[in-house]
Enquirer: 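Before anything else, here's the structure in question.
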Protein chains: 2
Amino acid sequence: MVSMKDIALACNVSVATVSKALNNHKDIGEETKVRIRETAKEMGYFPNSSARALRTNRSYNIGVLFVDEAQSGLTHDYFASVLDSFKVTVEKHGYDLTFINCNKDNKNRMSYLEHSRYRGLEGVIIACVPFDDPEVLELVKSDLPVVTIDHLFDNRMAVMSDNVKGISDLLHYIYDQGHRKIAYIHGQNTSVTRNRLVSFYRTAEELSLIIPDEYVVEGKYREVKHTQLVTNQVLDLPDPPTCIIFPDDLSAVGGMNAINARGLNIPQDISIVGYDGISIASRIEPKLTTIRQDTKSMGRRAAEKLISLIEKPKSTLIEHVVIEGKLIEGKSVSKR
Amino acid sequence: MVSMKDIALACNVSVATVSKALNNHKDIGEETKVRIRETAKEMGYFPNSSARALRTNRSYNIGVLFVDEAQSGLTHDYFASVLDSFKVTVEKHGYDLTFINCNKDNKNRMSYLEHSRYRGLEGVIIACVPFDDPEVLELVKSDLPVVTIDHLFDNRMAVMSDNVKGISDLLHYIYDQGHRKIAYIHGQNTSVTRNRLVSFYRTAEELSLIIPDEYVVEGKYREVKHTQLVTNQVLDLPDPPTCIIFPDDLSAVGGMNAINARGLNIPQDISIVGYDGISIASRIEPKLTTIRQDTKSMGRRAAEKLISLIEKPKSTLIEHVVIEGKLIEGKSVSKR
DNA sequence: TAAAGATACGAAAACGATTAAGTAATAAAA
DNA sequence: TTTTATTACTTAATCGTTTTCGTATCTTTA
């Protein structure tokens, strides 16, 4: 590896001069700068990030904390898409992305915070984790810049999908199609779910809809089997709904199967909607009516906010960015 | 941040002693070691990876090169799953994962190799990229340990899904169900596709199947729209097939839609199969018959091989690891 | 013409760790 | 008892940068 020393030698200047030339300091003569830069390029020089980080205490490295049942949130369409957009944006600003080790069964492992310090990470994006995990809390309480996705912590930057508007839009749409008996199979008890539920009931009230308790049941996100069970349970009611809201697109597909298995047709016999707007929604038949979350904006905004927090901590306002989704009209809701 | 200096001061020893104690060198007294370790823990010490990397030239950091239409391969189910398993395994061995910046439109950007050197990456996993990209070739030709997924380079470690056996199993299965008129909508011209095609024709010959040229057409991986087009083209043939093999599960869903739109039923009127075995395959109705690629093994083996290459370059055999997939029998192929 | 300022560079310390080489002090061998 | 090993440390150099503080040379200004 060619270092500044080599360039200094080749150019007959000191290492300090090389450093300053490459960093465009103003106390180096113009022709010297040019000469040094050219030699650097010729010799194939690239800085050593470790040395630089050691000296400047800046790693230009951002941590990613994604955990799900499969250890990382990578196979989770929605979060993978947010991460993707996040990655593109931080890279534009010269940062790299490193995974925070979340392999809890390792010997000698560090906590998330310890790991972040070890790698000199300048900030962390947290998504798709159990937010009550003590290690997550340790991270959130630290002085490290942090942005969370779809979860609110006091005094911490967060980027949220607008679940309130999402559910409201969905319910309004279903109502406008003429439905009055609407069930909601919601996900497990998380802040996202709670927000959606609140919005669901509030919107129902606005619309003067009567929602029997049996119409609102807990399902599981992204679980086909369990969703089929719950769907059947709802359909077995003496007075079944004419439309079901599922926790997400994937479980909606599960619901679809349960419905088809009963010989019912979507949307003639029963209407359904999903949530997320992942690719599968538009690929199945009938196309699923759903809320497409704006993962691209979410990732970008999260990145911008985090970088701002890193680079100008004083002047950056801690806020909760809420990103609206968009209703995607498929063919899964009938007009009544 | 507390450094070795602080611990040395607190323990009344030199920094060197601290370092050796923490790294368990044998020339430090047992009680001194214990004392130092305890103080380190109490003071909340964690090593500084930059300093260590600078000095030892070992970063314990591995690069990930994943590119797809959405900039990274993250939203690609199959590859995300491989990466996930890869990540778990490298973390078990104390390595971290950093993305290689693949934002081609950045000013001042480095090539993949330059970026790897800059970050001191010790090895790279390459997947889901255009393998004829000059930058990829530069990386592959370098002295950096590299493992590729689903692509072969001379003298380079590769982990491949067994596409030959996969297609063969699939064709045998379809044949055993009584089908004789089998079409193959294959993906774009890549090495994976070529392998599958060779296997398709060879197996057809084994089975004495006659495959008219019109039955083998180029589709696109993971493209719903285009697949629908091609599917219709095949179904419009004067003598249409009774079963269609699609390039992957996602495009199979596209094909399904085209078939349904014609008023045909799967599998009564026409049978179909996919490839990949991603989650959607088992969630749609009818369940898709497909080849589930063993992404978990692929990721794990890729990690083990790469680490072996890093830690004992001399004794590590460069080889092409081939991982078998498994036929998943759904309900999308009828018995004739 | 002397003092002050500007310009262009260099010397050296520092970041936090690792490690080869050296050195006391003690134990074992001659 | 002297020599040699062994043990348990320390010293100091080093990795590749950045940055503060000098300093020599040249240009202005009084």
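This one's a predicted model, so the numbers in the text were calculated from it and none came from an experiment. Convention: sequence-line order gives letters A, B, ...; per-chain numbering from 1.
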Enquirer: Using a heavy-atom cut-off of 4.0 Å across all strands, would you classify A/Val15 as base, sugar-phosphate, or nothing?
Expert: base

Enquirer: Before accepting this row, confirm whether a basic side-chain N of the pair B/Glu31/B/Arg35 lies closer than 4.0 Å to the acidic partner's carboxylate O.
Expert: no

Enquirer: Determine yes or no for a side-chain-to-main-chain donor-acceptor pair under 3.5 angstrom, with B/Asn23 supplying the side chain and B/Ser19 the backbone.
Expert: yes

Enquirer: Around atom CG of A/Asn24, are there more than 12 heavy atoms of other residues, nucleotides or ligands at under 6.0 Å?
Expert: yes

Enquirer: Report yes if a side-chain nitrogen or oxygen of A/Asn57 is closer than 4.0 Å to either non-bridging phosphate oxygen (OP1 or OP2) of C/dC15; otherwise report no.
Expert: no

Enquirer: For A/Ser19 and A/Asp27, find the nucleotide of DNA chain D closest to each by heavy atoms; which residue's nucleotide sits nearer the 5' end?
Expert: A/Ser19

Enquirer: Without decimals, in angstroms, what is the distance between B/Arg55 CZ and D/dA13 C1'?
Expert: 8 Å

Enquirer: A/Thr32 side chain N/O closer than 4.0 Å to the phosphate oxygens (OP1, OP2) of C/dC9?
Expert: yes

Enquirer: Which whole-number value in Å describes the distance from B/Leu22 CG to C/dT19 C1'?
Expert: 15 Å

Enquirer: Identify whether any heavy atom of A/Ser50 sits under 4.0 Å from a base atom; if not, whether one sits that close to sugar-phosphate; answer base, sugar-phosphate or nothing.
Expert: nothing

Enquirer: Once you round it to whole Å, what is the distance between P of C/dT7 and NZ of A/Lys33?
Expert: 12 Å

Enquirer: Starting at CZ of A/Arg58 and ending at C1' of D/dT18, how long is that distance when rounded to a whole Å?
Expert: 14 Å

Enquirer: What's the closest nucleotide to the side chain of B/Lys20 if the choices are C/dG10, D/dA13, C/dA21?
Expert: C/dA21

Enquirer: May I ask you to evaluate whether A/Arg52 reaches the phosphate of D/dG16, defined as a side-chain N or O under 4.0 Å from OP1 or OP2?
Expert: no

Enquirer: Under 4.0 Å, counting only non-hydrogen atoms across every strand here, what does B/Thr17 touch: a base, just sugar-phosphate, or nothing?
Expert: base

Enquirer: Name the nucleic acid region contacted by B/Val18, choosing base, sugar-phosphate or nothing; use a 4.0 angstrom heavy-atom cut-off, strictly under.
Expert: nothing

Enquirer: At under 4.0 Å between heavy atoms, what does B/Asn48 touch on the DNA or RNA strands: base, sugar-phosphate, or nothing?
Expert: sugar-phosphate

Enquirer: Output yes when B/Asp27 and B/Lys33 qualify as a salt bridge under the 4.0 Å nitrogen-oxygen rule, no when they do not.
Expert: no

Enquirer: Looking at B/Ser14, does any N or O in its side chain come under 4.0 Å of the phosphate oxygens OP1/OP2 on D/dC9?
Expert: no

Enquirer: A/Asn23 has a side chain; which of C/dT19, D/dT18, D/dT17 sits nearest to it?
Expert: D/dT18

Enquirer: Let me know the distance between CD1 of A/Ile36 and C1' of D/dT17, rounded to the nearest Å.
Expert: 14 Å

Enquirer: Under 4.0 Å from OP1 or OP2 of C/dA17: is there any side-chain N or O of B/Tyr45 that close?
Expert: yes

Enquirer: Expressed as a whole number of angstroms, how long is the span from B/Asp6:CG to C/dG16:P?
Expert: 8 Å

Enquirer: CZ of A/Arg117 versus C1' of C/dA17: gap in Å, rounded?
Expert: 19 Å

Enquirer: Counting only distance, no hydrogens or angles, is the base of D/dT7 paired donor-acceptor with the side chain of B/Lys26 under 3.5 Å?
Expert: no

Enquirer: Check the distance between C/dG10's P and A/His25's NE2 and give it to me in whole angstrom.
Expert: 15 Å

Enquirer: Could you tell me whether A/Arg109 and A/Glu114 have a side-chain N and a carboxylate O separated by less than 4.0 Å?
Expert: no

Enquirer: Do A/Glu135 and A/Ser111 get their side chains close enough for a donor-acceptor pair, meaning under 3.5 Å?
Expert: no

